[in-house]
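Heads up, the thing below is written out as structure tokens.
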Amino acid sequence: MTPILSPAVERALDTGGPVVALESTIITHGMPWPRNLETALAVEEAVREGGAEPATIAVLGGGLHIGLDRPALTALAQAEDVAKLSRADLAVCMAGGGTGATTVAATMIAARLAGIEVFATGGIGGVHRGAAESFDISADLQELAQTPVTVVAAGAKAILDLPLTLEVLETLGVPVIAVGQDALPAFWSRTSGLAAPLRLDTPREIARAHRMRAALGLPGGQLVANPIPAEHEITAETLAPVIETALAEAERNNVRGKDVTPFLLDRVYKATEGASLEANIALVLNNARLGAEIACELSKETER
Ligand code: PSU
Ligand code: MN
């Protein structure tokens, strides 16, 4: 199985140039049309402005595509009922010639196959609240433990159980690195009230840590938690009651499994009258810029 690289991604990888992987579940399940397409295009542009090549990843007609052209992005953004593919779903979807959007876990798998070391997104999946009963822990966490890709996210969403998410990441040996601050960011909010296990302040240090992990023979990646820019943040205090209501609704409607994250995101979007979406877009752009900087540093490290 060979991934299908877009010409621009292939060129960049052939020459050891900086490439940043981007996921597609955020397009199909994370944001409403047409903001999802606008955001996907703006994120790609932000990566290019940062001097790297964007590689949005999705499964189209059974092929694992790394780098999507505009018609493919548009079709994905408009499609309804696209499958959400995590590690468990990827092979079955591809073998059956299906189409699906890749989550953080599946995007990491694809990035590694293509030789891409950095991936920028919004937020990762984590340990859901009530996981002691539901056992709902995102496969994203295990993926970070085994697939050597540096993932730039704005932390994990406050809809999750953040203390337990940190515990699981620690158990799995995943470095959780806050950028430029001591606190763990919480997606829409700059801080979660929890200390981040690790802190680094520059893309160069993050790139060097990525290389050092490989040199030590450690499997897995790094989670780079980049706080949302201050002017776009929604404070944790504002969000807390909104999240409580969304979680209660999910419970009442018996929402389970893969549907939980999209359901909660949609409820928060409605309850904040769209403000959560604006914040989400701002943080993804911010992560794309940092991802490009890290990819540029990694490509310099290779030359040294
Ligand atoms: N966070 C967002 N938007 C998203 C997701 C996370 O702000 O769309 C997606 C990502 O693709 C992530 C997935 O990998 O949700 C996690 O889903 P689950 O909890 O079912 O593993
Ligand atoms: Mn889940």
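Just the heavy atoms: all of them, side chains too, but no hydrogens, waters or symmetry mates, feed the values below. Sequence positions, counted from 1, serve as the residue numbers for this chain. Counting starts at 1 for both ligands and their atoms, following the listed order.
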* To do: Considering only NZ, NE, NH1 and NH2 on the basic side and carboxylate oxygens on the acidic side, decide whether Arg70 and Glu44 come within less than 4.0 Å.
  => no
Purely on distance, is any nitrogen or oxygen of Val104 under 3.5 Å from one on ligand 1?
yes
Practice item. Give a yes or no on whether a salt bridge exists between Arg35 and Glu38, defined as a side-chain N under 4.0 angstrom from a carboxylate O. Key: yes
shortest atom 17 (O) of ligand 1-to-protein heavy-atom contact is with Lys84 NZ, 3.1 Å
salt_bridge(Glu293, Arg289) N-O dist < 4.0 Å = no
Under 4.0 Å from one or more heavy atoms of Gly123, ligand 1 contributes atoms 1 (N), 6 (C)
Note: Thr103, heavy atoms under 4.0 Å from ligand 1, region reported as both
Is it the case that over 12 heavy atoms from other parts of the model lie below 6.0 angstrom from the CZ atom of Arg211?
yes
Legend entry - Pair Thr272-Trp188, side chain to side chain contact (heavy atoms under 4.5 Å, CB included): steps then yes or no: CA-CA 12 Å; Thr272 59; Trp188 299 292; over 6 Å; no
Does Thr261 have a heavy atom less than 4.0 Å from any atom of ligand 1? yes
- Considering residues, nucleotides and ligands other than Glu170, do more than 12 of their heavy atoms fall under 6.0 Å from its CD? no
Atom 3 (N) of ligand 1: closest protein heavy atom, distance to 0.1 Å, is Leu265 CD1, 3.4 Å
min-distance protein heavy atom vs atom 14 (O) of ligand 1 -> Asp140 OD2, 2.7 Å
Is the shortest heavy-atom distance from the side chain of Phe187 to the side chain of Ile159 under 4.5 Å? no
Is Met31 close enough to touch ligand 1? Criterion: a residue heavy atom under 4.0 Å from a ligand atom.
no
heavy-atom search around atom 1 (N) of ligand 1 in the protein gives Lys157 NZ, 2.8 Å
A student checking ligand 1 against Phe187 at a 4.0 Å heavy-atom cut-off should list atoms 7 (O)
